[in-house]
Amino acid sequence: MINLDIARIFDEIADLSEIKGENPFRVRAYRRAARTIETLTLDLRSIVERSKSEADAVRELTKIPGIGEGIAKKIYEIVKTGRSSKLESLRSEVNPSLVELLKIPHVGPKTIAKVHKELGISTIEELEEAARRHKLARIAGLGRKAEEKILKGIEQYRKQKGRVPIAKALPYAEAIVEALKSLKSVRKIVIAGSLRRWKDTIGDIDILVVSENPSEVMDAFTRLDGVEEVLAKGETKSSVIFRGINADLRVVPPESFGAATHYFTGSKQHNIRIRELGVKKGLKINEYGIFRGEERIGGEREEDVFAAVNLPFIPPELREDWGEIEAAQAGKLPKLIEMKDLKGDLHVHTNYSDGKNSIEEMAKAAISLGYEYIAVADHSKAVGIAGGMDEEKLRKRQKEIERLNERFESAGINFRVLSAVEVDIKSDFKLDFSDEILRDLDVVIAAIHSKLSQDRETMTRRIISAIENPYVDIIAHPTGRILGKREAYSLDIERVMDAAHDNGVVLELNSYPDRLDLRDIHCKMAKERGVKIAISTDAHDAVQMREVIRYGIATARRGWLSPEDVVNTRSLREMLSMLKHKH
DNA sequence: GCCGTTTTCGGCCCGACTGTTTTCAGTCG
């Protein structure tokens, strides 16, 4: 039983309670607890297991914001017994298959309860059938339009568009901004929402505009080249599907720009917390501004919103209700890493394995970025599909690296190419090069590339065995996820982090936008455990080295990382001294 | 269900859009 499983139980309790018609604030409490738990950097199971009694465990658990006595006791029960009696009794009251209907756009708990009660509908197929036969319109409160909407929603749900990797949504958002910028009445236009928070996946594109002529903007937006469907069009807000992705646009007056930017950036949970703080100070905070009674006391700048509740500015990447509000109150917001802090890239490929460019080309690209070093980390021979190197090819590469470094030195260029490998951790736990070979390299990166479906215990031990090898410095893409394609390996990430800490091994944050692995919350977890991170690109050509790093930096910021948490913010000498097999 | 230097009870963020309502409910973010 891990945190994620417990979060799922509370999500189901929330869903079932909602359909049952429970107090919405109770539902919200379960949802908030689920969100908190799934992004918690502590293991609930170990908190419960090291407690002497239930009361002791409850005392510890209720220190977590959003977890009170009721939910704490349920966590205790779940960890101890593997079951939740609350969930089980709900399941006997509310048909559990109704939960899936909640995922259909435009279908909410009230509608579900109604169609279930009136028509006995409990599956998507039954709902679709009833809508087609116009049976739904007979129910009070529903009509023909509702039937159309529900059918459309079902179609959308089946297409499973869902969330897309940030690198796919960002260019579309930039294209929309570019197109609308040219309108005369557009004074300001910004990207907000999860894109501004740099979340790894994006559900929809949010654009905010200041304009004295909203209807001109709405018309232009809904007629953009690329708009496939107009979902809603109002005075100040419209929604469309833009090249397969939902896009929302909102127009506000200039004096509301700051408040609207904050509101539209989210996250939803962060906004709720900020507005609650406002309520306690007798203020109303909405997208138009900050109000005391009728009087507006701010909202032109985003800082106004934070200042109104006595907080410093919180960077968008932190606005997830992952503790940033408490940290801001305590004056303990981290100084987040920035692009300019990086001094090198510790994981790039060259044409010695599956990279496109030569070592020299990669080095020159790195120099142009202002870096002091790169580690060329070509694949080892077991990764045949990526042209992995054997020992002989490795020796040949070594000579080329040495010649290149001599040239840089004699030309007075402060830059060094580090000789590295991305050595494969094979399914039998062995590394793909002998210790003798690894010992002579500048940097040894180890990673898993095959047999990804081994069980949780085996995968955990497989990675830890690499961590314990005396020459392994860095573990690359530690969880193996590929967004939209492949889940992370089944892995006990906490044990991996503890082993990394104990052995002085660095974990990689792979900047590839469909990897971003470690992910944001894992970076936070690593930081709290004192594990150092390398933000690397894993670039297979020079253009990628330049372009994908921003996603890595953004993810690091979402994971609360400061320059000192990251090894490649250090000068060459200092960075090398932090690696395990020192040079 | 959570939470509290004005509360251990009585609040709980706030508004836009749509549809079916003749004054508001449902859904969404």
Side-chain angles (χ1 to χ4, degrees), chain A residues 10 13-14 17-19 21-34 36 58 61-75 86 101-115 136-150 152-153 156 192-194 197 202-208 214 218 230-240 246-252 256 259-260 262-291 299 305 308-309 321:
Chain A
F10 289 130
I13 290 177
S17 305
E18 201 175 23
I19 296 169
E22 272 277 13
N23 177 352
F25 298 106
R26 180 177 294 177
V27 174
R28 196 179 100 182
Y30 280 117
R31 292 242 157 84
R32 185 183 173 205
T36 300
V58 167
L61 292 168
T62 50
K63 287 180 186 163
I64 302 167
I67 301 209
E69 199 180 322
I71 289 182
K73 282 186 174 161
K74 290 181 178 73
I75 292 171
K86 171 80 180 177
L101 300 181
L102 275 176
K103 294 184 195 149
I104 302 170
H106 320 299
V107 176
K110 306 285 184 198
T111 308
I112 293 171
K114 241 188 261 181
V115 300
L136 299 183
R138 288 184 224 149
I139 300 175
L142 297 177
R144 284 288 170 117
K145 292 272 188 149
E147 291 179 332
E148 277 172 43
K149 235 180 166 179
I150 287 171
K152 225 174 230 179
Q156 216 176 317
S194 51
R197 303 199 313 278
I202 303 298
D204 40 32
I205 294 169
D206 292 304
I207 309 274
L208 181 66
M218 290 300 150
V230 177
L231 301 172
K233 188 181 171 192
E235 296 281 300
T236 63
K237 182 183 168 187
S238 293
S239 292
V240 302
N246 280 329
D248 293 338
L249 181 131
R250 184 81 182 260
V251 180
V252 295
S256 298
H262 179 263
Y263 159 68
F264 235 172
T265 297
S267 67
K268 183 185 164 118
Q269 195 53 49
H270 168 92
N271 287 352
I272 290 175
R273 297 287 316 282
I274 295 288
R275 289 174 176 196
E276 280 172 352
L277 291 177
V279 169
K280 280 182 200 148
K281 301 180 84 62
L283 302 173
K284 182 171 76 170
I285 300 172
N286 60 27
E287 58 265 55
Y288 299 110
I290 302 141
F291 301 88
V305 176
V309 292
D321 194 24

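Naming convention: chains lettered A, B, ... in sequence-line order (proteins, then strands); numbering from 1 in each chain.
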Residues Glu148(A), Lys152(A): salt bridge by 4.0 Å N-O rule: no
When the C1' atoms of dC28(B) and dC13(B) are considered, how many whole Å apart are they? 14 Å
Check whether the side chain of Tyr263(A) and the base of dG29(B) form a donor-acceptor pair under 3.5 Å. yes
Within this structure, what is the CD-to-C1' distance between Glu18(A) and dC28(B), rounded to whole angstrom? 12 Å
Using atom C1' in both nucleotides, what's the gap between dG11(B) and dA16(B) to the nearest angstrom? 25 Å
What interatomic distance, in whole Å, is found between C1' of dC2(B) and the corresponding atom of dT7(B)? 14 Å
From Lys233(A), Lys237(A), Met218(A), residue fulfilling side-chain contact (heavy atoms from CB on, under 4.5 Å) relative to Leu249(A): Met218(A)
Look at the side chain of Lys268(A) and the base of dG29(B), then say whether one donor and one acceptor between them are separated by less than 3.5 Å. yes
On a whole-Å scale, what distance lies between the C1' atoms belonging to dT21(B) and dT27(B)? 16 Å
According to a strict under-4.0 Å criterion, is Arg144(A) in side-chain N/O contact with OP1 or OP2 of dG19(B)? no
Which nucleotide wins on minimum distance to the side chain of Arg275(A), given the candidates dG1(B), dG15(B), dC13(B)? dC13(B)
Just call it for Asn271(A): base, sugar-phosphate, or nothing, with non-hydrogen atoms closer than 4.0 Å on any strand. nothing
Please tell me if Thr236(A) has a side-chain N or O lying less than 4.0 Å from either OP1 or OP2 of dC17(B). yes
d(NZ, Lys237(A); P, dG29(B)) in whole Å: 8 Å
Are Glu276(A) and Arg32(A) within salt-bridge range, i.e. N to O under 4.0 Å? no
Touch check for Phe25(A), heavy atoms < 4.0 angstrom, all strands: base, sugar-phosphate only, or nothing? base
Could you tell me the separation between the CE atom of Met218(A) and the C1' atom of dA16(B), rounded to a whole number of Å? 11 Å
Strictly below 4.0 Å: does Arg26(A) bring a side-chain N or O up to OP1 or OP2 of dG1(B)? yes
Quick check: do Ile112(A) and Val107(A) have side-chain heavy atoms less than 4.5 Å from each other? yes
Categorize Ile285(A) for me: base, sugar-phosphate, or nothing, with a 4.0 angstrom heavy-atom threshold over every strand shown. sugar-phosphate
Quickly work out the His106(A) NE2 to dT18(B) C1' distance and round it to whole Å. 10 Å
Can you find a heavy atom in the side chain of Asp204(A) that is under 4.5 Å from one in the side chain of Asp206(A)? yes
So Arg250(A), base contact, sugar-phosphate only, or nothing? Heavy-atom distance under 4.0 Å. sugar-phosphate
Any non-hydrogen side-chain atom of Asn271(A) less than 4.5 Å from a side-chain atom of Tyr263(A)? yes
Under 4.0 Å, counting only non-hydrogen atoms across every strand here, what does Val27(A) touch: a base, just sugar-phosphate, or nothing? nothing
Write down the distance between CZ (Arg28(A)) and P (dG29(B)), rounded to a whole number of angstrom. 17 Å
Atom CD1 of Ile272(A) to atom P of dC28(B): distance rounded to whole Å? 15 Å
Separation of the C1' atoms in dG19(B) and dT8(B), to the nearest angstrom: 42 Å
Pair assignment for dT18(B), Watson-Crick or G-U wobble, requiring both distances under 3.5 Å: dA25(B)
On DNA chain B, more 5' by nearest nucleotide between Gly108(A) and Asn286(A) is Asn286(A)
For Ser239(A) and dC17(B), is the shortest distance between a side-chain N/O and OP1 or OP2 below 4.0 Å? no
Nearest whole Å is fine: how far is dT21(B) C1' from Lys145(A) NZ? 15 Å
So Pro24(A), base contact, sugar-phosphate only, or nothing? Heavy-atom distance under 4.0 Å. nothing
Within the structure shown, what part of the strands sits under 4.0 Å from Lys74(A) by heavy-atom distance: base, sugar-phosphate, or nothing? sugar-phosphate
If you measure from the C1' atom in dC9(B) to the same atom in dC14(B), how many Å do you get, rounded? 24 Å
If we only count heavy atoms from C-beta on, is the Arg197(A) to His270(A) side-chain gap below 4.5 Å? no
Give one of base, sugar-phosphate or nothing for Lys284(A), where a contact means two heavy atoms less than 4.0 Å apart. sugar-phosphate
With heavy atoms under 4.0 Å as the rule, sort Tyr288(A) into base, sugar-phosphate or nothing. sugar-phosphate
Between dT20(B) and dA25(B), how far is it from one P atom to the other, in whole Å? 16 Å
Got a donor-acceptor pair under 3.5 Å from the side chain of Asn23(A) to the base of dG1(B)? yes
Interatomic distance where CG belongs to Leu231(A) and P belongs to dT27(B) [whole Å]: 17 Å
